[in-house]
Amino acid sequence: MEDGVKSVAKTTETSIEVVNALEKLGEATLEELADQLDLSPSTTHRHLATLRKHKFVTQTDNRYRLGLQFLTVGGVAQRRVTAFPTIKEKVDELARKTGERAQFIVEEHGERIYLYTEVGQSAVQTGAHVGKRGELYTSAGGKAILAHLPDDRRTEIVDDLAFETETSASIGSVEELSDELETIRERGYAFNVEETTRGVNAVGAVVTDADQRVLGALSVSGPANRLKGDRLTEEFPEYVLGAINELELEIAHAVRG
């Protein structure tokens, strides 16, 4: 019985490895995938056939790619987040008001995940998209979340950090991170000054429910040549905090209602 469970688990892990490889490669032939995963073509084909049967993989000619079934499942997960319609509304408003990119991120498995993002009329492409993951400590919203998580959860996440900095401006140690998180708690919002991407700055703050539990973080990002000085340190924090105040009031009202 135990051997059977292990076999099923191994099969599942291999299917996940196939999915991850396709995510990385974009598309690939059976032979390319088998080579990438160091699997036999026959084994790779069995996993692809199962994934294709359940619409998680598509095939055109002899090339495979991820299917939109992932979008279907992801959309369900997205909509089940507390107050998602209101979150979307506030992100859209913030993008229109600032003209830059606005986003709402959440923490899962110690990482930041873009739950929803929208671009204003002046926004530039930065590679941020719904579902993208990254380290919490290199983003404004992620640091805001870290600063307000329960102590035991924050310690659990920080203890696993390798501090493999994304840019030379990224935080490089537990001590540096601890000092910044304390500042964020005192100030009420966080900055990202080219810590995730060179040439991009951001400001973000945490969103909590009526019981002060962290729901996620709302942030705005833009080119460093525009988002700087008083615009970064005063104007945009006001926009973000104003949107969060409205968002938290609507969430609390919905719960009471």
S.K.: With rounding to the nearest 0.5 angstrom, report the OG1 to CG distance, T29 to D35.
M.R.: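 Answer for the OG1-CG pair, T29 versus D35, is 9.0 Å.
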S.K.: Is there a path of hydrophobic side-chain contacts, each under 4.5 Å between heavy atoms, that joins F84 and V214?
M.R.: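 Looking at the clustering, V214 is in a separate group from F84.
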S.K.: Testing the 3.5 Å rule here: is there a donor-acceptor pair between the side chains of N192 and T196?
M.R.: yes
S.K.: Using a distance-only test with no angle check, is there a side-chain donor-acceptor pair under 3.5 angstrom linking E194 and T167?
M.R.: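 Judged by distance alone, the side chains do not pair up.
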S.K.: Could you state the interatomic distance from CD (Q59) to CG (L51), rounded to the nearest 0.5 Å?
M.R.: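 The distance works out to 12.5 Å.
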S.K.: Any donor-acceptor pair under 3.5 Å linking the side chain of S40 with the backbone of T43?
M.R.: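 It does hold such a pair.
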S.K.: Hey, are T208 and E248 close enough side-chain-wise for a donor-acceptor pair under 3.5 Å?
M.R.: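 Yes - a donor-acceptor pair under 3.5 Å links their side chains.
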S.K.: Ignoring hydrogens and geometry, is there a side-chain-to-backbone donor-acceptor pair from R65 to G26 under 3.5 Å?
M.R.: no
S.K.: To the nearest 0.5 Å, what is the distance between NZ (K90) and CG (L218)?
M.R.: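 Reported to 0.5 Å precision, the distance equals 10.0 Å.
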S.K.: So how far is it from F191 CZ to T183 OG1, rounded to the nearest 0.5 Å?
M.R.: 11.0 Å
S.K.: Could you go step by step and tell me if I157 and L136 meet the side-chain contact (heavy atoms from CB on, under 4.5 Å) rule?
M.R.: CA-CA 9 Å; I157 293 172; L136 287 165; 4.1 Å; yes
S.K.: Mind listing the closest non-hydrogen atom pair of P237 and R231 along with its distance?
M.R.: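 Between these two residues, the closest heavy atoms are CD-O, 4.2 Å.
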S.K.: At what distance, to the nearest 0.5 angstrom, does CG of L33 lie from CG of L48?
M.R.: 5.5 Å
S.K.: Test your reading of the model: is there a side-chain donor-acceptor pair from E195 to the backbone of V193, 3.5 Å cut-off?
M.R.: yes
S.K.: Tell me whether the count of non-hydrogen atoms from other residues, nucleotides or ligands lying under 6.0 Å of CD in E186 goes above 12.
M.R.: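 Correct, the count exceeds 12.
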S.K.: Is there a donor-acceptor contact under 3.5 Å linking the side chains of T12 and S15?
M.R.: no
S.K.: Under the 3.5 angstrom rule, does the side chain of T197 hit a backbone N or O of V200 as a donor-acceptor pair?
M.R.: no
S.K.: Below 4.5 Å, heavy atoms only, C-beta onward: do V19 and F56 meet side chain to side chain?
M.R.: no
S.K.: For L241 versus Y189, what's the shortest heavy-atom pair and its separation?
M.R.: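 Looking at all heavy atoms of both residues, the shortest contact is CD1-CD2, 3.7 Å.
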S.K.: Do side-chain atoms of E176 reach the backbone of G172 as a donor and acceptor pair under 3.5 angstrom?
M.R.: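 Looks like yes, one N/O pair under 3.5 Å.
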S.K.: Does a sphere of radius 6.0 Å around CG in D211 hold more than 12 heavy atoms from other residues, nucleotides or ligands, not counting ones at 6.0 Å or beyond?
M.R.: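 Yes, enclosed.
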S.K.: Compare every heavy atom of I251 with every heavy atom of L215, then report the nearest pair and how far apart it is.
M.R.: CD1-CD1, 3.7 Å
S.K.: Looking at side-chain heavy atoms only, is the closest gap between R226 and E100 below 4.5 Å?
M.R.: yes
S.K.: Before giving the answer on side-chain contact (heavy atoms from CB on, under 4.5 Å), spell out for V203 and Y239 the whole-Å C-alpha distance, their side-chain angles and the decisive distance to 0.1 Å.
M.R.: CA-CA 10 Å; V203 57; Y239 286 145; over 6 Å; no
S.K.: In this structure, which one of R112, R153, R154 forms a salt bridge (Lys or Arg N to Asp or Glu O under 4.0 Å) with E107?
M.R.: R153
S.K.: Quick one, E93 with E246, criterion side-chain contact (heavy atoms from CB on, under 4.5 Å). Give me CA distance, side-chain angles, the key distance, then yes/no.
M.R.: CA-CA 11 Å; E93 287 179 3; E246 294 175 4; 4.1 Å; yes
S.K.: Is it true that D92 and K88 have a side-chain N and a carboxylate O under 4.0 angstrom from each other?
M.R.: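 Counted as a salt bridge, because a side-chain N and a carboxylate O are separated by less than 4.0 Å.
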S.K.: Enter the distance from K228:NZ to T233:OG1 here, rounded to the nearest 0.5 Å.
M.R.: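 Those atoms lie 12.5 Å apart.
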S.K.: Counting only N and O atoms by type, is there a donor-acceptor contact under 3.5 Å from the side chain of D230 to the main-chain atoms of E234?
M.R.: no
S.K.: Can you see whether R46 engages T11 through a side-chain donor-acceptor pair at a distance of less than 3.5 angstrom?
M.R.: no
S.K.: Residues in side-chain contact (heavy atoms from CB on, under 4.5 Å) with A147, at least two apart?
M.R.: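 For A147, the residues satisfying side-chain contact (heavy atoms from CB on, under 4.5 Å) (neighbours in sequence not counted) are L181, I184, R185.
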S.K.: According to a 4.5 Å side-chain heavy-atom criterion applied to Ile, Leu, Val, Met, Phe, Trp and Tyr, with indirect links allowed, do I113 and V91 form part of one hydrophobic cluster?
M.R.: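 Yes, because I113 and V91 connect within a single hydrophobic cluster, where side-chain heavy atoms sit under 4.5 Å apart.
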S.K.: Closest approach of T138 and S170, non-hydrogen atoms and distance?
M.R.: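 Taking T138 first and S170 second, the nearest heavy atoms are CG2-OG, 4.1 Å.
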S.K.: Looking only at heavy atoms, which two atoms of L94 and A102 are closest? And how far apart?
M.R.: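 Scanning both residues, the minimum pair turns out to be CB-CB, 4.0 Å.
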S.K.: If every non-hydrogen atom of A21 is compared with every non-hydrogen atom of L37, which pair is closest and at what distance?
M.R.: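 Scanning both residues, the minimum pair turns out to be CB-CD2, 3.9 Å.
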S.K.: Does one hydrophobic cluster hold both Y64 and L25, with members joined at side-chain heavy-atom distances below 4.5 Å?
M.R.: yes
S.K.: Taking the side chain as every heavy atom from C-beta outward, state whether K24 and Q36 have any pair of such atoms under 4.5 Å apart.
M.R.: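 Of all side-chain heavy-atom pairs linking Q36 with K24, at least one is under 4.5 Å.
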S.K.: Check whether any side-chain heavy atom of L115 lies under 4.5 Å from a side-chain heavy atom of I105, and answer yes or no.
M.R.: no
S.K.: Got a sec, which residues hit ring pair (Phe, Tyr, Trp, His ring centres under 6.0 Å) with F104, two or more places apart in sequence or on another chain?
M.R.: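 None.
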S.K.: Do the side chains of I171 and E180 get nearer than 4.5 Å, heavy atoms only?
M.R.: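 E180 vs I171: side chains touch.
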S.K.: Are V206 and V220 grouped together when hydrophobic residues (ILVMFWY) are joined by side-chain heavy atoms under 4.5 angstrom apart?
M.R.: no
S.K.: Salt bridge between E118 and R96, side-chain N to carboxylate O under 4.0 Å?
M.R.: no
S.K.: Using side-chain contact (heavy atoms from CB on, under 4.5 Å), reason through R63 and E32 one step at a time and then give a plain yes or no.
M.R.: CA-CA 9 Å; R63 303 193 70 81; E32 287 169 344; 3.3 Å; yes
S.K.: Please check if atom CD in E23 has more than 12 non-hydrogen atoms from other residues, nucleotides or ligands closer than 6.0 Å.
M.R.: no
S.K.: Please name all residues satisfying ring pair (Phe, Tyr, Trp, His ring centres under 6.0 Å) with Y114, sequence neighbours left out, ordered by chain then number.
M.R.: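 For Y114 there are no ring pair (Phe, Tyr, Trp, His ring centres under 6.0 Å) partners, ignoring immediate neighbours.
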S.K.: Is there a path of hydrophobic side-chain contacts, each under 4.5 Å between heavy atoms of I/L/V/M/F/W/Y residues, joining V174 to L177?
M.R.: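 Yes, because L177 and V174 connect within a single hydrophobic cluster, where side-chain heavy atoms sit under 4.5 Å apart.
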S.K.: Any donor-acceptor pair under 3.5 Å linking the side-chain atoms of T117 with those of R101?
M.R.: yes
S.K.: Just wondering, do L247 and E89 contact through their side chains at under 4.5 Å, heavy atoms?
M.R.: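 With C-beta onward as the side chain, the pair stays apart.
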